[in-house]
> 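Quick one: this structure, given as structure tokens, is what I'll be asking you about.
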2 protein chains.
Amino acid sequence: MATATPPTTGAGEPSRTLALLWGDPSATPRRKGPGRSVTVEQVVDAALALADEHGLAAVTMRAVAEAVGVSAMSVYTYVPGKAELLDLMVDTLYLRMPRPAWRASEWRTRLTRVAEANRELLTSHPWMTEVAALSRPPLGPGVLGKYEHELAAFDGTGLTDLDTDAALTYLLGFVQSHVRSAHDAARATTDTAMSDAQWWEANQPVLAQAFDPQTYPRSVRIGRAAGEAQGSAWNADSAWDFGLDRTLDGLAALIDRL
Amino acid sequence: MATATPPTTGAGEPSRTLALLWGDPSATPRRKGPGRSVTVEQVVDAALALADEHGLAAVTMRAVAEAVGVSAMSVYTYVPGKAELLDLMVDTLYLRMPRPAWRASEWRTRLTRVAEANRELLTSHPWMTEVAALSRPPLGPGVLGKYEHELAAFDGTGLTDLDTDAALTYLLGFVQSHVRSAHDAARATTDTAMSDAQWWEANQPVLAQAFDPQTYPRSVRIGRAAGEAQGSAWNADSAWDFGLDRTLDGLAALIDRL
DNA sequence: GCAGTACACCGTACAATGTACAATGTACTG
DNA sequence: CAGTACATTGTACATTGTACGGTGTACTGC
């Protein structure tokens with residue numbers, strides 16, 4: 001960051017990002033200067049590989065540049081800045097998601113597929129939960145195609161247009177929230193190189209005094225119960241099943257009422 | 001970041017953070033050396049003020065130091081590092097939340113209050129959605145007190161301990177996800193100094209081609225409908241009402257079934 | 001009262017980041 | 001063939017968290 005003010009995305013030419021996202025139709029017949037050594041797609045793929053293998057923090061302009069074999073500053077001739085690169089990464093992955101036709105007649109089955117597909121995507125690319133916004137995504141072909149496909153899963157539910165949109169956002173919000181929690185939990189045990197049990201053991205003296213059953217009766221009881229039942233205070237698969245059932249039941253109250 | 005490896009939190013002495021969170025009972029009778037110029041609480045409050053007024057990015061160790069009137073490095077005699085400072089900030093705000101007794105007899109009313117209290121907190125301190133983890137929070141008195149209080153809202157629902165915990169996490173997940181979206185949407189219009197309408201206008205040429213009603217029939221129809229109905233593609237209050245109703249209905253399917 | 005020591009405080013320094021800027025060279029247009 | 005637009009690059013700068021070592025202070029043991 002060069003300045004203290006928040007980095008403005010593509011200041012001056014707001015459509016530059018959109019042109020990039022939509023593949024810039026007037027790009028093929030280039031005019032002057034030397035040929036480009038790589039392609040935007042290669043740059044984005046390199047960034048994706050870095051993020052998947054070493055986390056979002058590993059996606060630096062220099063690292064991306066080295067991965068594609070150009071200097072750091074050359075990356076800026078392909079993308080206006082890092083923010084736009086991240087947008088492209090997200091849209092690219094959205095674009096590559098499979099879009100099978102909705103055969104199932106039950107809306108619950110279709111929405112379960114939607115949720116599971118998103119869970120898989122975010123689990124394979126955990127950094128996306130730190131980047132992908134639900135309410136103001138980059139309007140690229142990936143985002144739009146995904147949106148259209150997932151909206152189609154609501155066909156036949158009888159929901160209004162506005163309710164369909166709200167329902168989809170709600171469903172995706174659950175998935176994102178869940179994967180984010182799962183990722184946080186996994187990272188906590190991973191990068192401290194300390195299991196739940198070890199951590200608990202090491203902090204026994206402080207915790208014994210803090211976790212007073214008189215002051216926090218429910219917390220202590222539930223903490224113990226959760227630990228015994230699922231080996232840890234938080235189990236990803238249990239939470240997923242619980243949350244998805246609740247979400248679909250919540251939507252059922254709207255859909256099946258009609 | 002001094003090294004390329006991820007910063008380990010309190011390496012060597014894992015209970016240091018906990019001692020800080022719980023107010024370090026053996027801290028009052030200090031032994032040697034000069035008296036401390038400020039207190040941990042002052043440091044945390046300064047960091048909170050910075051985050052609230054200028055966003056999370058404004059919370060730098062130097063800025064915090066200057067705000068309390070010490071040098072940058074002196075902050076490290078109060079907190080082990082920035083990660084711990086953020087933990088303290090979160091726990092402090094949790095600790096200060098009001099905890100009114102649960103008078104309402106209807107569980108839906110009580111859970112609505114829980115959701116609204118969290119929405120208010122996160123809306124007043126939007127940076128918390130970037131920091132606060134649902135699944136592995138800092139185990140301080142604020143987190144624990146809040147947890148206990150919110151668990152109590154489920155008294156009388158007949159849920160098992162495990163289900164109560166899962167239900168609370170689910171409810172809070174919705175709130176966090178919602179506020180995050182609202183924050184993203186607000187920031188998008190704010191720091192580009194461009195309204196929804198202006199943005200749409202400026203990108204008309206590209207968008208007209210991209211938003212093809214043949215390829216994306218539902219998206220185009222719904223985008224238009226949303227824009228006309230609520231002036232923007234995403235309306236925070238509508239989304240809140242929708243989501244909260246769905247969440248409570250989803251839980252009702254579990255609770256009222258008993 | 002004095003020596004010793006533990007600790008608060010601070011200045012300096014370093015590695016890493018995004019990216020502005022200006023120089024250099026290339027390949028197309030007239 | 002001259003001119004120019006553009007890809008590529010090295011250097012540079014501001015900003016970040018924090019490691020390190022020096023300095024002075026106030027308490028402990030004699």
Side-chain angles (χ1 to χ4, degrees), chain A residues 1-13 16 24 26-40 42-43 47 50-51 54-87 131, chain B residues 1-13 16 24 26-40 42-43 47 50-51 54-87 131:
Chain A
M1 221 68 68
T3 65
T5 55
T8 53
T9 321
E13 23 188 353
R16 172 78 191 279
D24 198 20
S26 65
T28 339
R30 256 191 351 285
R31 321 285 289 223
K32 297 191 176 180
R36 327 205 66 177
S37 17
V38 293
T39 65
V40 177
Q42 281 176 293
V43 171
L50 283 170
H54 303 108
L56 196 59
V59 182
T60 70
M61 298 304 266
R62 290 175 229 271
V64 173
E66 191 179 13
V68 297
V70 300
S71 83
M73 288 314 293
S74 288
V75 177
Y76 287 91
T77 65
Y78 295 90
V79 294
K82 194 182 182 183
E84 289 80 2
L85 177 57
L86 293 174
D87 281 351
V131 165
Chain B
M1 220 70 67
T3 65
T5 56
T8 53
T9 321
E13 23 188 352
R16 172 78 192 279
D24 198 20
S26 65
T28 338
R30 258 190 351 283
R31 320 287 289 226
K32 296 192 175 179
R36 329 205 63 179
S37 17
V38 293
T39 65
V40 177
Q42 282 176 294
V43 171
L50 283 170
H54 303 107
L56 196 60
V59 182
T60 69
M61 297 305 265
R62 289 164 173 64
V64 173
E66 190 178 14
V68 296
V70 299
S71 85
M73 289 315 293
S74 290
V75 177
Y76 287 89
T77 65
Y78 295 90
V79 294
K82 194 183 182 183
E84 289 79 2
L85 176 57
L86 293 174
D87 281 351
V131 164

> Is the closest side-chain heavy-atom distance between V64(B) and M61(B) below 4.5 Å?
no
> So what is the end-to-end bend of the helix from dG1(C)-dC30(D) to dG30(C)-dC1(D), with 5 pairs used at each end and the value given to 10 degrees?
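About 0° separates the two local helix axes.
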> Between side-chain atoms of residues 67-77 of chain B and protein atoms elsewhere (two or more places apart, or another chain), which donor-acceptor pairs fall under 3.5 Å?
from   : atom 1 : to     : atom 2 : distance (Å)
S71(B) : OG     : S74(B) : OG     : 3.4
T77(B) : OG1    : R36(B) : NH2    : 3.1
T77(B) : OG1    : S74(B) : O      : 2.6

> Just by distance, do the side chain of Y78(B) and the backbone of V38(B) share a donor-acceptor pair under 3.5 Å?
yes
> Give the rounded distance in Å between these two atoms: CG of L50(B) and P of dT15(D).
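In whole Å, dT15(D) P lies 16 Å from L50(B) CG.
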> State which residues pass side-chain contact (heavy atoms from CB on, under 4.5 Å) with A51(B); sequence neighbours excluded, sorted by chain then number.
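Counting only residues at least two positions away or on another chain, A51(B) forms a side-chain contact (heavy atoms from CB on, under 4.5 Å) with V59(B), M89(B), W127(B).
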> Using a heavy-atom cut-off of 4.0 Å across all strands, would you classify V79(B) as base, sugar-phosphate, or nothing?
nothing
> Under the rule for side-chain contact (heavy atoms from CB on, under 4.5 Å), what residues qualify as partners of A63(A), not counting sequence neighbours?
L50(A), T60(A)
> Separation of R36(A) atom CZ from dC6(D) atom P, in whole Å?
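It works out to 11 Å between those atoms.
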> Taking for each residue the nucleotide of DNA chain D bearing the nearest heavy atom, is the 5' side occupied by K82(B) or by T77(A)?
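Its nucleotide being nearer the 5' end, the pick is T77(A).
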> Round to a whole Å and report the spacing from NE2 of H54(B) to C1' of dT15(D).
17 Å
> Counting only non-hydrogen atoms, which of residues 65-76 of chain B are less than 4.0 Å from DNA chain C?
V70(B), S71(B), M73(B), S74(B)
> Rounded to the nearest Å, what distance is computed from the CG atom of residue L56(A) to the C1' atom of nucleotide dT17(C)?
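So the two atoms are 13 Å apart, to the nearest Å.
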> Any protein N or O atoms within reach of nucleotides 24-26 of chain D? Criterion: under 3.5 Å, listing atom names and distances.
from    : atom 1 : to     : atom 2 : distance (Å)
dA26(D) : O4'    : G33(B) : O      : 3.3

> Both R62(B) and V38(B) contact DNA chain C. Taking the nearest nucleotide for each, which residue is further toward the 5' end?
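It is V38(B), whose closest nucleotide lies nearer the 5' terminus.
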> Return the value, rounded to whole Å, for the distance between atom CE of M61(A) and atom P of dA20(C).
10 Å
> Are there more than 12 heavy atoms of other residues, nucleotides or ligands under 6.0 Å from atom CD of E66(A)?
no
